[in-house]
Novice: 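Below: one structure in structure tokens.
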Amino acid sequence: MENGPAEERLFSVLSSILNVPRASLNLDSSRNSLEEWDSLKHMFVMLALEEEFSIEFADHEIATLRSASSLRDAVVAKTRQSER
């Protein structure tokens, strides 16, 4: 998922759930850099991404995905798996 429609969908979800402007988000955005990205909103982000991309995350994966770049990589891997 290079900087295309799927990545924009990811940032759209993050922007909507975290209630921050899309322009303030990039691949370096993380739970450490955004005060709005707390544990509850993290769960909402994960659920929204599952719905947006028709994928599922295991519980152990959810805790490890702490940045926009890690979310992007996980979404890419899962969407590729579901295309097989």
Novice: Using every non-hydrogen atom in the two residues, find where L10 and F53 come nearest and quote the distance to one decimal.
Specialist: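 Looking at all heavy atoms of both residues, the closest pair is N-CZ, 4.1 Å.
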Novice: Do S15 and L25 have side-chain heavy atoms sitting under 4.5 Å apart?
Specialist: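 In short, these two side chains touch, coming nearer than 4.5 Å.
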Novice: Under a 3.5 Å distance rule, please check whether H42 uses its side chain to pair with a backbone N or O of I62 as donor and acceptor.
Specialist: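 Yes.
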Novice: Heavy atoms, side chains only, cut-off 4.5 Å: are E51 and V13 in contact?
Specialist: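 They are not in contact (no side-chain heavy atoms under 4.5 Å apart), so the answer is no.
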Novice: Starting at CD1 of I17, measure out to OG of S12 and round the result to the nearest 0.5 Å.
Specialist: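 Result: 9.5 Å between the selected atoms.
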Novice: With no hydrogens and no angle check, is any side-chain donor or acceptor of S29 less than 3.5 Å from a backbone partner on N26?
Specialist: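 It does hold such a pair.
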Novice: Atom OG in S69, atom CG in D28: separation rounded to 0.5 Å?
Specialist: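 Answer rounded to 0.5 Å: 7.0 Å.
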Novice: Specify the closest pair of heavy atoms between S70 and T64, including all atoms of both residues, with the distance to one decimal.
Specialist: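 Looking at all heavy atoms of both residues, the closest pair is OG-O, 4.5 Å.
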Novice: May I ask you to test the E50-K78 pair for a side-chain heavy-atom distance under 4.5 Å?
Specialist: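 E50 vs K78: side chains apart.
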Novice: Determine whether L47 and F57 make a side-chain contact, defined as any pair of heavy atoms from C-beta on separated by less than 4.5 Å.
Specialist: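 No - every pair of side-chain heavy atoms lies 4.5 Å or more apart.
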Novice: Going from CZ on R31 to NZ on K41, what distance comes out if it is rounded to the nearest 0.5 angstrom?
Specialist: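 R31 atom CZ to K41 atom NZ measures 12.5 Å (nearest 0.5 Å).
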Novice: L14 pairs by side-chain contact (heavy atoms from CB on, under 4.5 Å) with which of L49, V45, L34?
Specialist: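 Of the listed residues L49, V45, L34, the side-chain contact (heavy atoms from CB on, under 4.5 Å) partner of L14 is V45.
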Novice: If I compare all heavy atoms of L18 with all of W37, which pair ends up nearest, and what's the gap?
Specialist: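 Answer, listing the atom of L18 first, then W37: CD2-CA, 3.7 Å.
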Novice: Do the non-hydrogen side-chain atoms of E36 and N19 ever get within less than 4.5 Å of each other?
Specialist: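 Not touching, per the 4.5 Å side-chain cut-off.
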Novice: Are the side chains of L71 and M46 in touch, meaning some heavy atoms are under 4.5 Å apart?
Specialist: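 Yes, their side chains come closer than 4.5 Å.
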Novice: Using a 6.0 Å cut-off, check whether atom CD of E56 has over 12 heavy atoms from anything other than its own residue.
Specialist: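 Not buried by this count: 12 neighbours or fewer within 6.0 Å.
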